[in-house]
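One is the number of the first residue; the rest follow in order along the sequence.
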Amino acid sequence: MLKSLMVAKAKEELEQELADKEDEKEKYLSEKAPQLQTSGMSFAELQELCRELHAKIDVVDEERYDIEAKVLHNTREIKDLNIKVLDLRGKFKRPTLRRVRVSADAILRSLLGSKHKVSMDLRANLKSVKKEDTEKEKTVEVSDWRKNVEAMSGMEGRKKMFDAAQ
């Protein structure tokens, strides 16, 4: 709804602008080129009028030609400058950025300034993990292996192995 209203308003303004331009054109032409009254003029007067009009047309054509030459010259200059700009962009390659390792203390110093002494030891806040003795794991009860084999033999031994697997 809002979009259609905006489009309608823009269309009205465009039509109004075109009408204003047409009125301006008519006003300019009526000032610069008034209607010719050729009725009642003699042949010599008509010839003189034609000569005056031709002289005015020649002056206007010369001005138009000069303006066109200036416009062409300016467009050539603009194209040349655009080409120069593109050439300059291509000549200077941007250097590849390198990674820089900066400590947390250096970052804080650069952000807060040298007035504040902030030391941030990241390792201090970590949990400490105790290493378990690997020797305890290695010391398994050493017993007579024959007793172990006798206990595992027969159906009871297989039952114990089956229960242990679950």
Separation between CG of Asp87 and CG of Asn82, rounded to the nearest 0.5 Å: 11.0 Å
Lys/Arg N to Asp/Glu carboxylate O, Glu22 vs Lys25, below 4.0 Å: no
Criterion salt bridge (Lys or Arg N to Asp or Glu O under 4.0 Å) on Asp61 and Arg64, from CA distance to verdict: CA-CA 5 Å; Asp61 278 342; Arg64 184 180 54 83; 3.5 Å; yes
Spatial distance of atom CG (Leu53) from atom CG (Asp58) [nearest 0.5 Å]: 11.0 Å
From CA spacing to verdict: salt bridge (Lys or Arg N to Asp or Glu O under 4.0 Å), Lys27, Glu24: CA-CA 5 Å; Lys27 183 179 175 185; Glu24 226 175 285; over 6 Å; no
Minimal non-hydrogen separation, Met41 against Glu45, with atom names: CA-OE1, 3.4 Å
Sole candidate of Lys70, Glu77, Arg76 that passes side chain to side chain donor-acceptor pair (under 3.5 Å) when paired with His73: Glu77
Nearest-0.5 Å distance that lies between atom CD in Glu48 and atom OG in Ser42: 10.5 Å
Derivation and outcome, side-chain contact (heavy atoms from CB on, under 4.5 Å), residues Glu12 and Gln16: CA-CA 6 Å; Glu12 288 175 11; Gln16 182 63 34; over 6 Å; no
Gap between atom CD1 of Ile57 and atom CD of Glu52 - 0.5 Å precision: 12.0 Å
